[in-house]
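Presented below is the structure to which this report refers.
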Amino acid sequence: MKKKFLSILMAATMAASLAACGNADNKPAAESSSVAETGTEKETQASESQISEAEDTITIMVPPVTGTYVESLDGWIKEYQETHPNIKVEVIATSWDEHISKSTTMALAGEAPDIVEASYSTIGTYAEMGVAVNIADYLDSSVIADFDQNALNYMTLDNTLYGLPLYISIQALGGNREMLEAAGADVEKIQTEGWSYDEFLDIVKKGTTDDCFGFVFANAGVTTKDFVSIFGVSAGITADFTNDLKYSYTSENMLKLLQAVETMTKSGYMPDYAVEAGQRLVMLETGQAMVSGKAMPLFENNVKKNIAGMSDGSAAEGSIEMEYVFLPVPVMDNVTESCYGTTDGMVVLRNNNTTEEHLKNVCEFMAFLCTGERVAAVDNELYLSCVCESGRTAQESYKLDQSELNAKATEREISLVVAPPTGITAEMSANAKTIMDEVIAPKFQSLLAGETDAQSVYDAVCTAAKEAFGEENCASGWIQ
């Protein structure tokens, strides 16, 4: 396996920084998991005998996980310090755009934050850099047992657990119910049974007008990965690697996906330009799009707030009354339906000043943030179910403002999430990310603009992948 791609990634990250100064079951990992209860919480935590009482300072770097996360974090730190007065916590708040580059640059300089928010796709980079920590060495087994095993799998590489999950996020499509039904869609059936790609294409064709795209997907810059990952399930691509650990994007499925994009842009059903992340929901809210992605269940609340803002002028300009519906990704021929899911959580990193006693303190504080009422508050705001038993218990008294059909669609999509295959190494993960960032993303933008064709993009991906992984480790033909 070659490390050329990772080296390029590290060099690019450092250069950017210097120039300037991102079918799972629902069972706990073990039946003995402890449960947090309102009022008299029995929190999952590391053994008290293992925690030093000496003064210690922990740094944590987080993007806006939710709209109120950083503010809430300040309160949770004060709560933690009531029982751990020796612990001080410094928060480094970042934007989503700068989060990954800032954390990796600090890590390369030996100054990594102790705790960093990370998604499954970025864990491999930290592990390959040698700064990620096996948290199982510092946490009591009861802490880990509180979490669902499928969620822990997303935080694991090379059989090493590098962090604790905050949630499994399901990401699919969202739409304007009235527009969809006017285009001939049986929305309730689609939400409960799914739909074929041919059906989807026919509906977005009918929903496309001079003033409205049938389909819009955020795909500018780093969000290109969102399209490939989320809409990729329509072509049967559920992860960067197949179950036998072959690189997925060299399969015929990838070519089929790229050809679908080429068809939709040339036909005018979707924009032939990159759409920023913030644009796609606004386009839905203002009637410029019938179906949008990526979409999550929580967007129902966003749309309701925007409509409420029409009376006081706080809504997006040109907003319309609409009912938001959460939709599955359509399925192409010879594909088993699935839903893209990913896990975001907290990972622990080493820096030049890290000690063993410090790591024990860091891991205990991280466990506090990822369990009980803290994680329940996060997941409630995101319209998601907790992935630990203590969090689910804390959620029991909370009721989401969600339509019955969207709630059922959400549960259905959760049941369709396929966990990543086991056995992926840190090097494989890091190289896959580099190909996505440096080959797929820019080529995809050219495809949208009509500057290249699907076959040329596919050929470029295959060339890069075979150089990084070796031809024998790249998928060929149609994968199931």
Between T105 and K102, is there a donor-acceptor pair closer than 3.5 Å when you use the side chain of the first and the backbone of the second?
-> no

Taking the six-membered ring for Trp, is the centroid-to-centroid distance between F241 and F469 below 6.0 Å?
-> yes

Main-chain N/O of S119 paired with T122 side-chain donor or acceptor, under 3.5 Å = yes

In terms of heavy-atom contacts, does CD of Q480 have more than 12 from other residues, nucleotides or ligands at under 6.0 Å?
-> yes

Donor-acceptor contact present, side-chain T208 to main-chain G214, <3.5 Å = yes

Would you tabulate the side-chain donor-acceptor contacts of residues 196-205 under 3.5 Å, counting partners in other chains and residues two or more places apart, or write 'none'?
| residue | atom | partner | partner atom | Å |
| --- | --- | --- | --- | --- |
| S196 | OG | E199 | N | 3.1 |
| D202 | OD2 | K206 | NZ | 3.2 |

Working for side-chain hydrogen bond (donor to acceptor under 3.5 Å, both in side chains), residues T224 and Q445 | CA-CA 8 Å; T224 297; Q445 301 305 317; 2.8 Å; yes

Using the test ring-ring contact (aromatic ring centres under 6.0 Å, His included), find all partners of Y126 that sit at least two apart in sequence or belong to another chain.
-> none

Parallel, tilted or perpendicular: which fits the ring planes of Y154 and Y120, with parallel below 30° and perpendicular above 60°?
-> perpendicular

Pair Y249 + Y247: ring centers closer than 6.0 Å | yes

Minimum side-chain heavy-atom gap L284-F299 below 4.5 Å = no

By salt bridge (Lys or Arg N to Asp or Glu O under 4.0 Å), which residues pair with D210, not counting sequence neighbours?
-> none

Nearest-0.5 Å distance, CE of residue M264 to CZ of residue F215 = 5.5 Å

Does a side-chain N-to-carboxylate-O contact under 4.0 Å join D74 and K78?
-> no

Intermediate values then yes/no, side-chain hydrogen bond (donor to acceptor under 3.5 Å, both in side chains), E128 and S429 | CA-CA 9 Å; E128 187 71 1; S429 177; over 6 Å; no

Any donor-acceptor pair under 3.5 Å linking the side chain of D148 with the backbone of A151?
-> no

Start with the C-alpha distance between V62 and I115, add both sets of side-chain angles, then the distance that settles side chain to side chain contact (heavy atoms under 4.5 Å, CB included), and finish with yes or no.
-> CA-CA 8 Å; V62 292; I115 301 171; over 6 Å; no

Which is it for V65 and Y167 under the side chain to side chain contact (heavy atoms under 4.5 Å, CB included) test, yes or no, and what are the steps along the way?
-> CA-CA 11 Å; V65 177; Y167 53 78; 4.0 Å; yes

M436 CE to E438 CD distance, which is reported to the nearest 0.5 Å | 12.5 Å

For the pair E193 and R412, find out whether any cationic side-chain nitrogen is under 4.0 Å from an anionic carboxylate oxygen.
-> no

Kindly check if the number of other-residue, nucleotide or ligand heavy atoms within 6.0 Å of CD (E178) is above 12?
-> no

Among pairs that include at least one residue of residues 322-335, which meet salt bridge (charged side-chain N to carboxylate O under 4.0 Å, His left out), considering only residues two or more places apart or in two chains?
-> R177-E323

Kindly state each residue pair satisfying side chain to side chain donor-acceptor pair (under 3.5 Å) with at least one member in residues 294-309, sequence neighbours excluded.
-> E300-K304, E300-N406, K304-D401, N306-S319

Looking only at heavy atoms, the pair that brings L166 and L369 closest together is CD2-O, 4.4 Å

What class does the angle between the rings of F365 and F368 fall in, given that below 30° is parallel, 30 to 60° is tilted and above 60° is perpendicular?
-> parallel

Please check if the side chain of E411 supplies one atom and the backbone of K408 the other of a donor-acceptor pair under 3.5 Å.
-> no

Considering non-hydrogen atoms only, spot the tightest contact between I440 and V461 and give its length.
-> CG1-CG2, 3.7 Å

Would you check if V325 and L180 make a side-chain contact, meaning some heavy-atom pair closer than 4.5 Å?
-> yes

Applying side-chain hydrogen bond (donor to acceptor under 3.5 Å, both in side chains), name anything that partners Q171, two or more places apart in sequence or on another chain.
-> S169

Return yes if some donor-acceptor pair links the side-chain N/O of S314 with the main-chain N/O of M310 below 3.5 Å, else return no.
-> no

Test item: side-chain donor near acceptor, D211 and T209, under 3.5 Å | no

Check whether any side-chain N or O of W478 sits under 3.5 Å from a backbone N or O of N334 as a donor-acceptor pair, and report yes or no.
-> yes

Separation between NZ of K225 and NZ of K433, rounded to the nearest 0.5 Å | 9.0 Å

Between the CD atom in E252 and the CG atom in L257, the distance rounded to the nearest 0.5 Å is 13.5 Å

Crowded around Q455 CD? As in, over 12 foreign heavy atoms under 6.0 Å?
-> yes

Quick one: do the S456 and D453 side chains pair a donor with an acceptor below 3.5 Å?
-> yes

Grab the two heavy atoms, one from E285 and one from A316, that are nearest each other, plus how far apart they are.
-> OE1-CB, 4.4 Å

Here the gap from Y458 atom OH to L447 atom CG, rounded to the nearest 0.5 Å, amounts to 15.0 Å

Determine whether T94 and M61 make a side-chain contact, defined as any pair of heavy atoms from C-beta on separated by less than 4.5 Å.
-> yes

Shortest non-hydrogen contact from L173 to G293?
-> CD2-CA, 4.3 Å

Heavy-atom check, side chain of V348 versus side chain of V116, under 4.5 Å | no

Step-by-step side chain to side chain contact (heavy atoms under 4.5 Å, CB included) determination, F227 to V261 | CA-CA 10 Å; F227 182 90; V261 173; 3.3 Å; yes

Interatomic spacing from CD1 in I170 to CD1 in I230 - rounded to 0.5 Å = 11.0 Å

Side-chain contact test, heavy atoms from C-beta onward, threshold under 4.5 Å: evaluate it for T410 versus F326 and give yes or no.
-> yes

Are any side-chain N or O atoms of H99 and backbone N or O atoms of E117, one a donor and one an acceptor, separated by less than 3.5 Å?
-> yes

Min side-chain heavy-atom separation V331-W195 under 4.5 Å = no

State whether a side-chain donor-acceptor pair under 3.5 Å links D146 with S390.
-> yes

Do any N or O atoms from the side chain of S248 and from the backbone of A239 form a donor-acceptor pair under 3.5 angstrom?
-> yes

Minimum heavy-atom distance between T238 and S338, given as atom pair plus value = CG2-OG, 3.4 Å

Hey, are E389 and R392 close enough for a salt bridge, meaning a charged N less than 4.0 Å from a carboxylate O?
-> yes

Without swapping roles, check the side chain of T66 against the backbone of Y69 for a donor-acceptor pair under 3.5 Å.
-> yes

When you measure from the centre of the six-membered ring of F217, is the NZ or CZ of R280 under 6.0 Å away and within 45° of the axis?
-> no

For A468 and N431, which heavy atoms make the closest approach, and how far apart are they?
-> O-ND2, 4.1 Å

Side chain to side chain contact (heavy atoms under 4.5 Å, CB included) between L448 and D272: does it pass, once the steps are laid out?
-> CA-CA 5 Å; L448 289 175; D272 59 358; 5.7 Å; no

Can Q395 and S385 be counted as having a side-chain donor-acceptor contact under 3.5 angstrom?
-> no

